[in-house]
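Below is one structure; the comments refer to it alone.
Letters A, B, ... mirror the listed sequences (proteins, then strands); counts begin at 1. As a basis for the values below, the full set of heavy atoms in this structure was taken, side chains included, without hydrogen atoms, waters or symmetry mates. Because the structure is a prediction, the values reported are computed rather than measured.
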There are 2 protein chains.
Amino acid sequence: MTRLFNEPSQFADELVKGFVAANSQWVRPVAGGVVRRAPTVEGQTAVVVGGGSGHYPAFGGIVGPGLAHGAAMGNLFASPSAQQVHSVAVAAENRGGVLLTFGNYAGDVLNFATAEARLNSEGIVTRTVVVTDDISSAPVGQEHKRRGIAGDLTVFKAAAAAAEAGYSLDEVVRVATEANDRTRSIGVAFSGCTLPGQTEPLFTVPAGRMAVGMGIHGEPGIAETDVPTANELAELLVSSLLAELPPSIATAQDARAAVILNGLGSVKYEELFVVYGRVAELLEAAGITVVEPEVGELVTSFDMAGVSLTLFWLNDELEGFWRAGADTPAYKKGRVGSPSSASTAASTADTQSFAEADRLTLAAETAASLPTELPDSSDASRDAALAIADAIEAIAEVIDEHADELGRIDAVAGDGDHGIGMQRGSRAAATAARSAALNGAGALSALSLAGDAWADRAGGTSGALWGLALQSVGAALGNTTEVTGSAVATGVSDAVSGIQSFGKAVVGDKTMVDAMVPFTERLSREVNAGGDLVTSWRAAAEVATAAAAGTADLLPRMGRARPHAEKSLGTPDAGAHSFALIVVRVGEVLASRHSEFA
Amino acid sequence: MTRLFNEPSQFADELVKGFVAANSQWVRPVAGGVVRRAPTVEGQTAVVVGGGSGHYPAFGGIVGPGLAHGAAMGNLFASPSAQQVHSVAVAAENRGGVLLTFGNYAGDVLNFATAEARLNSEGIVTRTVVVTDDISSAPVGQEHKRRGIAGDLTVFKAAAAAAEAGYSLDEVVRVATEANDRTRSIGVAFSGCTLPGQTEPLFTVPAGRMAVGMGIHGEPGIAETDVPTANELAELLVSSLLAELPPSIATAQDARAAVILNGLGSVKYEELFVVYGRVAELLEAAGITVVEPEVGELVTSFDMAGVSLTLFWLNDELEGFWRAGADTPAYKKGRVGSPSSASTAASTADTQSFAEADRLTLAAETAASLPTELPDSSDASRDAALAIADAIEAIAEVIDEHADELGRIDAVAGDGDHGIGMQRGSRAAATAARSAALNGAGALSALSLAGDAWADRAGGTSGALWGLALQSVGAALGNTTEVTGSAVATGVSDAVSGIQSFGKAVVGDKTMVDAMVPFTERLSREVNAGGDLVTSWRAAAEVATAAAAGTADLLPRMGRARPHAEKSLGTPDAGAHSFALIVVRVGEVLASRHSEFA
């Protein structure tokens with residue numbers, strides 16, 4: 001929702017004022033909107049865009065060299081008036097005529113047409129190209145009825161680059177028309193925005209549902225589905241656009257396209273990138289060369305939750321215009337006046353590095369599980385390593401089973417990532433331990449590689465601490481000595497000392513240390529009193545479970561992962577809880593495998 | 001909330017993959033994060049940044065010439081592991097040493113320190129500067145305990161520009177340390193984000209409240225207040241930062257500062273600009289020269305609703321580094337390697353154009369109300385113009401009284417802006433009509449100027465239509481003829497014809513035409529039957545009111561402003577409703593002023 005405003009009826013004026021104050025390197029204010037700070041070159045076609053406010057960077061945010069010469073900035077979601085359009089066009093024009101270009105909405109068509117007539121009657125030669133990229137808004141054969149959404153950018157950019165290249169108004173109109181003919185978008189929405197001063201959203205989509213084809217002002221879509229996964233959404237968007245190639249494109253195979261994956265406001269960059277990863281794969285699989293894609297917020301609707309995908313099918317001329325430089329408040333690329341390192345080689349490099357990213361992610365996932373030169377080890381230690389691999393697999397299983405719960409309780413007092421971090425870390429550790437054990441590693445090697453993998457894949461504080469714990473236990477067990485209860489108890493004790501020294505937490509801070517300290521104390525006492533490892537471990541695990549539950553009554557230690565001290569009373573610490581779950585499960589594995597342990 | 005993901009535990013990897021696929025012009029993937037596509041220049045200090053994911057463009061989005069050489073990209077809200085940091089640093093370094101720089105959070109400090117030790121032990125000279133800009137997170141005297149938020153960018157940018165300029169590692173450390181010492185931020189939050197796969201937000205702020213000083217992961221703030229106006233928020237943020245100048249700045253007067261007004265995710269650009277307008281005024285009033293401000297999303301927290309203000313107090317050296325070019329996926333300015341038109345003149349120009357924006361807004365507001373050359377008019381027509389000014393003022397009043405209601409019912413079937421648009425239009429028209437009448441305008445001139453003002457200030461479809469309506473009535477009344485009921489009826493009838501021809505709506509489309517057509521029919525019939533204007537008008541107004549209420553049963557005409565056909569049954573059309581309200585109120589004015597009308 002829109003929270004920050006003064007008088008709602010002044011919002012549009014005030015945003016223009018603040019926008020100009022922040023961006024005076026690029027724009028200067030005129031009645032009705034903004035124009036470039038530098039005057040239009042004499043004889044150059046002036047490209048004047050515009051529409052309602054609330055869609056930043058559309059429309060003021062894309063005024064500057066290489067893009068629009070001026071933007072008429074209307075009220076919120078309302079067309080600029082004909083006077084505004086006229087005023088901006090007069091300020092932008094410099095004996096090269098004016099192209100008016102904007103998205104196809106009734107109010108805009110009406111007001112821009114009035115302005116166009118007035119400009120022509122005053123001797124300023126003016127023409128119009130309306131953007132109609134949204135395939136959901138009218139069927140094939142009625143393309144002229146379609147709304148304009150993020151395809152505004154491809155049409156504006158092509159027209160402006162043509163103007164910058166010295167094309168006449170007629171030629172700029174031809175380029176803009178061709179760009180529009182070759183641009184197709186489809187959008188989805190999850191929730192609507194709330195305008196300044198309103199208490200209810202402009203439109204809503206039921207929770208957990210997605211409106212396919214809904215417009216940027218909430219215009220009705222063509223279907224409603226459950227919210228899909230990121231990959232499923234990518235597949236829906238790509239397949240919809242590939243099902244309607246422009247007439248000039250015979251087949252997607254070997255075609256080139258500029259791609260815009262646009263966020264409407266509160267679907268954020270991270271989500272867009274996850275979706276884009278799959279979009280890129282699908283376009284590559286269809287044989288399409290992607291040229292300088294854009295993933296971000298380019299045409300928004302306040303904080304509407306929505307996404308659109310635009311494909312701009314290129315020919316040589318349009319590719320040059322897409323690659324050309326631009327320097328505006330919100331859209332910058334390369335250097336104005338020359339294509340930004342335009343070459344097919346660059347496109348190929350894009351594709352290559354995409355595959356490269358995939359390969360490196362895989363490599364990172366498996367790197368820790370590939371021991372190269374293993375130190376010598378005894379038979380007993382190698383047997384122990386196999387049992388250790390079982391134990392760490394059991395850890396990964398118990399964490400998987402409890403991942404949601406861990407995330408939930410961590411969200412009360414921490415940053416909510418404990419479940420995911422532990423999942424990633426324990427899975428990586430299990431893979432590494434298994435691979436090491438199968439390759440003949442002793443206990444030390446297996447635990448050391450598993451600890452590395454845990455810390456690396458989990459990251460964060462708990463990842464570093466669990467990595468350290470596995471390595472400490474490994475150091476106590478060695479690769480050649482017998483695995484005794486006493487050695488395990490020593491290793492656990494060393495791990496706890498190391499963790500306390502590294503992480504600076506003490507008992508009572510509401511961290512995993514609250515469960516670890518009583519665990520190790522009980523384990524050492526039992527083992528020193530002559531208890532066998534399995535019995536001693538299980539007794540210690542019971543103590544850890546009780547101690548973890550007891551953290552519910554503690555106030556947390558302050559620090560990054562502890563935002564909500566006051567809220568967390570009554571909820572146990574996620575780190576202590578996961579520690580207890582792990583030692584209980586490991587106790588079960590030890591019991592089932594006790595022949596390997598003395 | 002985060003809606004688009006596949007397996008939550010894979011989210012961080014998948015976002016890196018998609019990010020790299022979209023931005024391979026700038027970055028290439030390495031284990032643990034990304035580095036610049038082009039190798040680091042031999043001997044240049046490598047600036048390696050990093051932190052948890054979920055804060056895009058921090059941290060991968062700011063890798064490229066002029067900014068970071070590499071970014072370690074951790075899991076969601078979790079520090080990168082020491083291995084990740086190490087791997088990225090090794091890939092970025094090229095015989096010039098490494099600066100590790102990141103925000104001050106426990107997990108990051110722990111993992112970067114481990115990586116630093118390992119790099120140094122391997123002979124890669126590595127040093128660390130931790131960013132601590134958030135003044136809410138610890139008091140003066142304990143600056144080293146403060147968290148790093150959007151000030152990350154000023155410190156990273158200064159350090160990277162120094163590295164680009166050939167500074168040694170020690171010098172880069174000095175610059176980064178000085179930049180951190182001169183950077184102060186404060187943030188506020190309205191709501192928290194929901195991580196992928198979680199059903200509950202990580203933290204919440206009560207509805208209508210604002211947490212002052214809350215951190216980007218929901219760390220507790222220093223106060224909670226009601227949500228302020230945009231201006232009040234600007235005042236809070238600026239006064240908080242001016243209350244704690246860095247030791248090196250004796251007084252704000254004549255100081256220079258780079259400014260970042262940062263959105264955390266779902267406080268959108270329009271709101272940020274409204275706030276920034278006031279921030280700029282306040283900084284100017286304090287005697288501070290603002291240098292190349294940034295208003296946008298630079299350090300986010302998924303879709304958290306929050307804002308932070310950063311002041312980076314410049315000296316000559318740091319100003320040069322702030323102005324220097326950068327070319328990264330999400331942060332681009334000027335040309336890399338040379339300051340971007342750095343000069344004090346540019347700063348002065350910023351301030352001037354800010355005043356200029358203000359002046360132009362005011363000018364636009366009053367332009368229509370300043371008749372220059374009025375045509376001749378009769379006494380009777382001038383008297384009528386005064387009554388017309390009363391009537392239009394009454395229109396502005398009735399619209400003010402009903403603005404919320406109009407916005408609400410327009411939100412059901414339209415785009416929710418009807419109340420605001422009508423408010424702006426009618427206020428501007430009232431001012432114009434009054435000014436014209438006081439300057440001796442006749443009825444035609446007064447209505448014509450009022451109509452221009454309405455269309456210009458309201459924009460949108462309804463603005464254009466009401467502007468046309470006032471002009472049509474004016475044309476029928478003239479400047480010299482007597483104002484008769486018959487002339488008024490003719491003018492209204494012309495207005496309705498014009499609106500239907502211009503807007504293409506017919507009765508039954510659920511638009512204002514549904515109320516206008518029966519109104520004008522009844523008015524003409526009464527007047528033609530010899531009725532006086534006041535009685536005839538009031539009878540027609542009753543018909544209009546009934547017709548407007550009847551639009552509740554209609555399905556709307558489709559088009560831009562009609563997104564929700566299905567939802568609007570049972571709600572009247574906002575345009576028809578406001579028309580009825582207006583004609584009723586004008587009837588009251590006519591009744592009280594009937595001496596002016598025949």
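Closest approach of S81(A) and A455(B) over heavy atoms only: CB-O, 2.9 Å. Taking all atoms of both residues into account, the shortest heavy-atom contact from A22(A) to V295(B) is CB-CG2, 3.6 Å. In plain terms, the two heavy atoms of N6(B) and A230(A) that are nearest each other are OD1-N, 3.3 Å. What you find for H55(A) and E270(B) is that their closest heavy atoms are N-OE2, 3.1 Å.
Between D456(A) and Q84(B) the shortest side-chain heavy-atom distance falls below 4.5 Å. Residues E281(B) and K17(A) have side chains in contact (heavy-atom distance under 4.5 Å, counting atoms from C-beta outward). Side-chain contact check for D13(A) versus R457(B): some heavy-atom pair is nearer than 4.5 Å. M1(A) has its side chain out of reach of F190(B): every pair of non-hydrogen atoms, C-beta onward, lies at least 4.5 Å apart. The shortest distance between side-chain heavy atoms of N23(A) and F273(B) falls below 4.5 Å. Under the 4.5 Å side-chain criterion, counting only non-hydrogen atoms from C-beta, Q83(B) is in contact with D452(A). Proximity of K268(A) to Y56(B): side-chain heavy atoms (C-beta onward) are nowhere separated by under 4.5 Å. Counting heavy atoms from C-beta outward, F5(B) and T229(A) have side chains that stay 4.5 Å or more apart.
Between chain A and the options V109(B), I420(B), L465(B), V227(B), heavy-atom pairs under 4.5 Å are most frequent for I420(B). Ranked by heavy-atom pairs under 4.5 Å with chain B, the first of K332(A), Q423(A), E294(A) is K332(A). Listed options G192(A), G419(A), G54(A) were ranked by heavy-atom pairs under 4.5 angstrom with chain B; first place goes to G54(A). Contact count against chain A (heavy-atom pairs under 4.5 Å) is highest for L15(B) among L15(B), L261(B), D404(B), T114(B). Listed options S266(B), P8(B), S9(B), G463(B) were ranked by heavy-atom pairs under 4.5 angstrom with chain A; first place goes to S9(B). Among P196(B), G460(B), P329(B), the residue with the largest count of heavy-atom pairs under 4.5 Å with chain A is G460(B). Between chain A and the residues A458(B), G197(B), A82(B), the largest count of heavy-atom pairs under 4.5 Å involves A458(B). Most heavy-atom pairs under 4.5 Å with chain B: of the set E232(A), R427(A), E200(A), E297(A), this distinction falls to E297(A). Most heavy-atom pairs under 4.5 Å with chain A, from the set S462(B), G215(B), G459(B): that is G459(B). Of all the listed residues (L195(A), T300(A), N231(A)), the one sharing the greatest number of non-hydrogen pairs under 4.5 Å with chain B is N231(A). In terms of heavy-atom pairs under 4.5 Å with chain B, the best-connected choice from G74(A), G265(A), A464(A), P80(A) is G265(A).
Checking side-chain atoms of E271(B) against main-chain N and O of R3(A) turns up a donor-acceptor pair under 3.5 Å. Judged by distance alone, the side chain of N75(B) and the main-chain N or O of G421(A) form no donor-acceptor pair under 3.5 Å. A donor-acceptor pair under 3.5 Å is absent between the side-chain atoms of D327(A) and the main chain of G334(B), judged by distance alone.
Both the backbone and the side chain of L110(B) come within contact range of chain A, judged by heavy atoms closer than 4.5 Å.
Note on E7(B) versus R424(A): no salt bridge recorded, every NZ/NE/NH1/NH2 to OD/OE distance being 4.0 Å or above.
If you take CG on D108(A) and OG1 on T461(B), they are separated by 8.0 Å, rounding to the nearest 0.5 Å.
L4(B) pairs with exactly one of V274(A), L272(A), V307(A) by the side chain to side chain contact (heavy atoms under 4.5 Å, CB included) rule, that one being V307(A).
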